[in-house]
Structures are given as structure tokens and as C-alpha cells.
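Heavy atoms only: backbone and side chains are in, while hydrogens, waters and symmetry mates are out.
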Amino acid sequence: MNTTSRSFKQLKNGVRYSVIYLLLILLALFMMGPFLWLLSVSLMPGRNVFSSPPAILPTFIDFDNYVQVWQFMSFPRYITNTVIIAGLGVVFNVLLASTTAYPLAVFHFKGRNFVFTLLIATMIIPSSTAMIVHYLTIQAFHLGNSYLGVVLPAAVSVFNIFLMRQTFLGIPSDIRDSGKMDGASELRIFWQLVLPLVKPGIAVIVLLEVMAFWNNFLWPIVILDDPEKYPLAAALTYLNGQFSYNFGWIAAGTMISVIPIIVVFLFTQKYYMEGIAGAIKG
Amino acid sequence: MKRWARSESFSAWAFMTPGLVFLAIFTFWPILYGIPLALTDYSVIAETRYVGFENFTRAFQDHNFTVSLWNSLVYVLIVPIIQVISILMAILVNSRLPGVKMFRAAYYIPVVTSMVAVALIWSWLLGNNGVVNYLLIQAGIIDGQVSWLSSSSTALYVLMFITMWKGLGYYMMLYLAGLQGIPSDLYEAARVDGAGPLRLVVHVTIPLLRPHILFCTLISIMGAVRVFDEVYILTKGGPGTSTLTSSVYIFQKGLEQFNFGYASALGLIVSVIIGALSILVFRFNRKGGVNSY
């Protein structure tokens with residue numbers, strides 16, 4: 001009696017797990033399939049993407065597309081542009097978000113609620129016109145066609161401020177008190193005592209911003225007149241316009257632009273996902 | 001003076017000033033400046049003059065604009081679909097099975113990839129001789145090739161599908177965070193009362209995910225109304241006006257034709273609509289008690 005009910009339970013569990021794994025695998029094919037196919041196309045010789053029936057798996061693998069597109073497009077330059085833009089963006093975001101969030105988390109001061117409400121209001125009031133005004137502002141600062149012009153409109157975000165505030169709230173107040181006892185200035189307490197303790201929060205912002213700037217294509221195209229200054233994603237739209245007939249090249253170029261960010265994500269997914277989740281916790 | 005300089009208020013504002021200056025220029029200013037701009041005919045070619053509400057009356061007579069508003073509202077229909085699928089995905093990847101983290105990562109990869117790459121891949125897959133047509137014909141679902149992106153009856157829905165596909169992983173992660181916050185004894189108690197898996201989801205999971213559902217619904221509505229990148233890369237609003245969404249139209253008027261005044265007016269109208277939609281969602285979920293941060 002006991003053994004039959006146990007084996008029944010085992011069978012039931014077995015069926016349940018099989019169903020779950022089947023669903024998981026089907027979903028994985030749905031979500032990853034297009035990327036695997038892109039990888040496959042990029043490794044196909046010739047330009048047989050639109051042959052009939054369409055080539056799904058390569059008959060033999062070669063890296064010619066990669067070699068040729070690398071020689072044709074100045075990837076090192078576009079990657080350098082992207083790294084400069086992302087680097088600037090990360091520095092601005094980390095510094096501005098942490099200095100703005102720090103008082104909101106630990107100081108008691110008049111106007112704290114006011115600043116808070118103002119920040120929340122920006123999330124509720126949407127502004128489709130923002131990009132047009134940003135364009136005018138950047139031109140007024142004479143920063144058109146410059147990396148700074150690309151970065152400044154996204155130098156700090158309310159999202160990052162809340163993320164950092166969340167992290168600062170977790171710092172025990174003894175840390176600041178002990179700094180005060182030693183007579184350290186607020187700036188020194190912040191820089192030498194508090195900031196080293198919020199490295200995980202900073203890491204999350206670095207990740208989020210690297211990805212955001214890596215993938216950004218529209219604003220750079222709007223603000224940069226000179227395609228030589230384009231970051232990778234913007235250059236890719238350019239490549240697509242120029243060589244829409246050479247699928248192998250574009251596929252290889254797209255893979256080159258996508259792989260770094262996927263690798264970064266795979267190695268840091270734990271922090272990244274905690275950060276995303278942490279942003280909506282109370 | 002010296003005492004003020006040593007007070008917490010002084011340090012607080014000193015810390016916040018750089019960040020607030022940037023926010024003022026690039027977040028608050030666009031919201032404020034959009035209003036006076038909308039009342040002028042500001043453009044780069046002619047001298048600016050005040051035109052009152054002319055831009056607004058013009059907007060509602062502008063057939064392309066009303067079409068773009070309608071398309072944006074149709075786009076919002078993906079919001080409930082995204083929520084249902086991503087909640088189911090979150091429940092799936094919340095099970096404690098070996099290898100489940102690998103699947104989480106796989107589902108998230110479209111989120112971290114650039115829209116440029118995603119749009120390129122799908123435009124090929126959806127081509128006349130593309131893989132999607134081939135597979136659907138092989139499976140007997142369609143009779144002949146469909147020009148998914150260049151036919152006005154399908155293009156908008158295809159774009160909605162791509163937006164959904166790219167976003168599912170993001171919402172899945174937000175819901176997963178919510179699921180992991182639900183205490184397991186609640187499930188135990190319901191199980192003791194004889195609830196099956198379906199009833200557990202309906203009576204325990206969904207009610208407890210309410211704040212997350214509200215938050216995700218809000219951000220996906222805003223995302224759907226503001227949708228730009230995929231439309232701009234894949235169809236530029238065409239064929240005809242079949243995929244012209246409001247953001248694409250505002251962009252065309254503003255940054256392609258440099259009608260800044262008119263584009264600002266259109267932006268304001270869309271902002272009011274998004275605001276109204278958000279308030280509606282809040283009303284529906286009054287019990288949710290959202291604390292998005």
C-alpha cells in the first residue's frame with residue numbers, strides 16, 4: 001500500500017517534471033532560436049539566406065564573413081567609440097546617482113520630501129517631446145557632434161537614483177557616526193567610509209548603463225553628424241543600409257556587436273537580475 | 001552662516017546639486033519647455049512666432065496624427081498578453097529544478113541585445129523567402145508566402161509581436177522577484193485546504209503579485225505608447241500609415257522635418273493620453289497599493 005502510493009507519487013512527479021522541462025525547452029527555442037539562426041547564417045558561406053527552401057543550418061562552417069566584414073568595416077574604431085561613450089556614461093551615472101541618492105537615504109533635511117516627489121513625478125509624467133528639447137539644448141551648448149552630446153542627456157536617471165538610495169538605506173548608521181566622532185567631513189565620510197560599502201549597487205549601475213549605452217543607436221545618429229563617431233549599434237544600421245544584399249556580412253557584423261554584451265550579461269547575471277528586481281522592492 | 005554650513009541641510013543640498021542640475025536640464029526642462037514650444041511654430045527655417053492653440057487644432061485635423069494615435073492604442077493591446085505570458089514564464093522558471101537558471105538566462109538574452117540586432121534578425125526571418133514563411137507553410141498553417149512586414153494588414157501586428165518577444169524576459173524577471181517574495185507557508189496552507197496547482201495560482205500567486213502586475217502593466221503601457229526603435233528600423237511607419245505610431249510621427253515632424261513647435265504639441269497630446277491611461281490603471285488596481293520604489 002505504502003510502496004504503491006509512493007511509486008504513484010514518483011510517477012506523478014516524473015510526469016510533472018517532464019512537462020515542465022518540455023515547456024522550458026520550447027520557450028528556450030522560441031527565445032533563443034532567432035539568435036542561433038543568426039549565428040548559423042553568419043557561418044554560412046555565400047549569401048544563401050533567402051534561397052528556397054531557406055538555409056537554416058550551414059552545410060559547412062567557415063569564418064569568411066567575419067574576416068571580410070571585419071576588414072571592410074572599421075570595427076576597432078566603432079568599438080572604441082562605443083567604449084568611450086559607455087565609459088563616460090557610466091562615470092556620470094555612478095557619480096551623479098550616488099551623490100544625489102546619498103542625502104535622500106541618510107540625511108534629515110527640509111525639502112527632502114519635495115525632492116522625492118519631484119523625482120517620482122518625472123516617472124509619471126511622460127515626455128515624448130524630451131528628445132526634441134534635448135536636441136535644442138545640446139545644440140545650445142555647442143555639443144552637437146560630440147561624445148558629450150551623446151552622453152549628457154542620459155548622465156543621470158531617476159531609476160539609478162532610486163537604485164542607489166535603496167543601497168544606501170542598507171548602510172548601518174554607526175559607520176557615519178564613527179566617522180563624525182573622528183571629525184571627518186561629510187565628503188570624506190561619503191568617499192572613504194560609505195562609498196566602498198555600496199560597491200554592489202555601483203556594480204549594478206555600471207552594468208545597466210554599459211548595456212544601455214552599448215545598445216543605444218537613435219540618439220547618437222540624431223546628435224552625431226559624423227558617422228566616424230558612431231557607436232557600434234548605430235554603425236550597424238549604416239552597414240545594413242549599405243549592404244542589404246550581403247546577408248552573411250551583416251549577420252557576422254551583428255554577431256560581433258551582440259556577443260560582447262551577451263558575454264557580459266552571462267558573467268554578471270546574478271548582480272544584474274538582483275538589481276532589476278531590487279528597483280521595484282519597497 | 002557657519003552653523004548653516006555645518007548643518008545636514010547644507011551638506012544634503014551640496015551633495016545633490018550636481019545631480020539635480022543635470023535632472024533639471026535633461027528631465028524637468030524638456031517637460032516644462034515642451035509647453036511654450038507647442039504654442040509656437042518654432043522651426044529652423046523661419047522666425048518663431050506665437051501661434052496659440054493652432055498646433056493643437058491642426059493636430060486633430062491631421063489625418064496621419066489621428067491614425068498614429070489609433071495605431072498606438074492598438075499597440076497597447078500587447079500589454080495584457082505580455083503580462084499573462086511573462087507571469088507563466090516566471091512561474092515556470094521559479095521551480096527548483098536543475099538547470100532552471102540556464103533557462104532564465106536564455107529568456108533574458110533578447111532583453112540585453114540591441115533593438116538594431118533584434119530588428120535585423122526578425123526582418124530576415126519574416127522575409128518572403130524567410131524561415132517563418134517556410135516553417136508555417138511546411139506546417140500547413142498558411143497556404144502561400146505572406147509579406148509580413150510589407151503588407152498593411154499584418155505589419156503592425158508583426159511589430160507588436162517583436163516588441164513582445166524582446167520584452168518578455170524583462171517582465172519575467174520582475175515577476176520572478178515577486179514570486180520569490182511570496183512566503184511558502186501560504187502555499188502550504190492552501191494545499192492543506194485541498195487546493196490544486198491551478199487554484200494555487202489563481203488564489204495565492206495572482207493576488208500576491210498584484211503590486212508587481214500593476215507596476216509591470218504601467219511600464220508596458222508606457223512602453224507600448226512610446227514604441228519607437230523597432231518601428232523606425234523595420235517599417236518607418238509604412239506601408240502607407242499602417243504602422244505609423246505616435247512616437248514615429250512625432251520624430252518625423254520634429255527631428256526629420258524640424259517642425260519643433262508642432263511636434264511638441266503632438267508630444268503634449270500623447271503625454272496627456274499616457275497620463276490618463278496610467279490613472280485608469282491605478283484606479284483599476286486601487287487595492288494594489290503600489291510602491292514602485
Side-chain angles (χ1 to χ4, degrees), chain A residues 17 20 23-24 27-28 31-32 34-35 37-38 49-50 52-54 56 96 99-100 102-103 107-110 122 124-130 132-135 137 152-153 155-156 162 186 211 215 217-218 222 233 236-237 240 247 250 254 257-258 261-262 265-266 269 273 276-277 280 282, chain B residues 8-9 11-12 15-16 18-20 22-23 25-27 29-31 33-34 89 92 95 97 103 105-107 109-110 112-117 120-122 124-125 127 129-131 134 173-174 177 215 222 226 229 233 247 250 254-255 260 263-264 267-268 270-271 274-275 278 291-293:
Chain A
Y17 290 151
I20 293 180
L23 286 173
L24 284 170
L27 261 172
M31 302 305 280
M32 290 299 295
F35 290 102
W37 179 76
L38 180 75
V49 185
F50 282 157
S52 167
I56 295 179
L96 294 175
T99 51
T100 314
Y102 180 58
F107 289 171
H108 301 278
F109 62 98
K110 240 191 197 164
T122 64
I124 295 165
I125 303 169
S127 89
S128 322
T129 44
I132 291 168
V133 181
H134 287 168
Y135 180 80
T137 310
L152 289 188
V156 62
F162 280 110
E186 289 289 0
M211 290 185 190
N215 291 334
F217 81 99
L218 180 70
V222 168
L236 208 60
T237 54
N240 184 37
F247 302 105
I250 307 174
T254 311
S257 81
V258 160
I261 209 70
I262 290 183
F265 165 70
L266 288 178
Q269 51 171 317
M273 286 172 172
I276 290 279
I280 61 158
Chain B
E8 289 213 330
S9 283
S11 342
F15 270 106
M16 294 189 303
L20 290 181
F22 272 87
L23 282 176
I25 299 174
F26 292 107
T27 307
W29 177 241
I31 296 171
Y33 187 56
M89 279 166 77
L92 262 182
S95 42
L97 294 174
F103 287 103
Y107 302 164
I109 281 177
V112 297
T113 316
S114 71
M115 190 46 100
V116 176
L120 268 175
I121 302 175
W122 278 104
W124 288 346
L125 286 171
N129 283 314
V131 175
Y134 176 75
M173 284 316 299
L174 294 180
F215 179 75
M222 289 179 192
R226 289 170 166 180
D229 291 6
I233 303 170
S247 305
I250 294 170
L255 290 170
F260 295 124
S264 290
L268 272 182
V270 174
S271 301
I274 303 182
S278 318
N291 182 12
S292 54
Y293 284 97

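Both the backbone and the side chain of A:Leu24 come within contact range of chain B, each with at least one heavy atom under 4.5 Å from a heavy atom of that chain. Proximity to chain B is limited to the side chain of A:Leu38, based on heavy atoms less than 4.5 angstrom apart. Using a 4.5 Å cut-off between heavy atoms, B:Ser264 contacts chain A through both its backbone and its side chain. At a 4.5 Å heavy-atom cutoff, the contact between B:Phe103 and chain A is made by side-chain atoms alone. Proximity to chain B (any heavy atom under 4.5 Å) is shown, for A:Val156, by both the backbone and the side chain. Heavy atoms closer than 4.5 Å to chain B are found in both the backbone and the side chain of A:Ile20. Using a 4.5 Å cut-off between heavy atoms, A:Thr254 contacts chain B through its side chain alone, with no backbone atom that close.
With chain B as the partner, the residue from A:Leu218, A:Thr237, A:Ile261 showing the most heavy-atom pairs under 4.5 Å is A:Leu218. Contacts with chain B were tallied for A:Leu152, A:Ile262, A:Leu236; A:Leu152 has the most, counting heavy-atom pairs under 4.5 Å. The greatest number of non-hydrogen atom pairs below 4.5 Å with chain A, out of B:Pro18, B:Gly34, B:Gly254, B:Pro110, is found for B:Pro110. Interface summary for chain A: among B:Ile233, B:Leu23, B:Val116, the most heavy-atom pairs under 4.5 angstrom belong to B:Val116.
Distance alone, capped at 3.5 Å, is enough to place a donor-acceptor pair between the A:His134 side chain and the B:Phe26 backbone. Between the side chain of B:Glu8 and the backbone N or O of A:Phe107 there is no donor-acceptor pair closer than 3.5 Å. A donor-acceptor pair under 3.5 Å links the side-chain atoms of A:Asn215 to the main chain of B:Val112, judged by distance alone.
Using a 4.5 Å cut-off on side-chain heavy atoms (C-beta onward), B:Thr113 and A:Phe35 make contact. Proximity of A:Ile132 to B:Ile250: side-chain heavy atoms (C-beta onward) are separated by under 4.5 Å at one or more points.
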Checking B:Tyr33 against A:Thr137 for the side chain to side chain contact (heavy atoms under 4.5 Å, CB included) test, could you report, in this order, the C-alpha distance in whole Å, the side-chain angles of both residues, the deciding distance, and whether it holds? CA-CA 11 Å; B:Tyr33 187 56; A:Thr137 310; over 6 Å; no

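Across all their heavy atoms, A:Leu266 and B:Ala105 have their closest contact at CD2-CB, 4.1 Å. The shortest heavy-atom contact between B:Ala12 and A:Pro103 is O-CG, 3.5 Å. Closest approach of A:Ala130 and B:Pro30 over heavy atoms only: CA-CB, 3.7 Å.
Atom CZ of residue B:Phe22 and atom OG1 of residue A:Thr100 lie 10.0 Å apart, to the nearest 0.5 angstrom. Going from atom CD1 of B:Ile121 over to atom CH2 of A:Trp37 covers 8.5 Å, rounded to the nearest 0.5 Å.
The side-chain contact (heavy atoms from CB on, under 4.5 Å) search around B:Ala106 returns A:Met32, not counting sequence neighbours.
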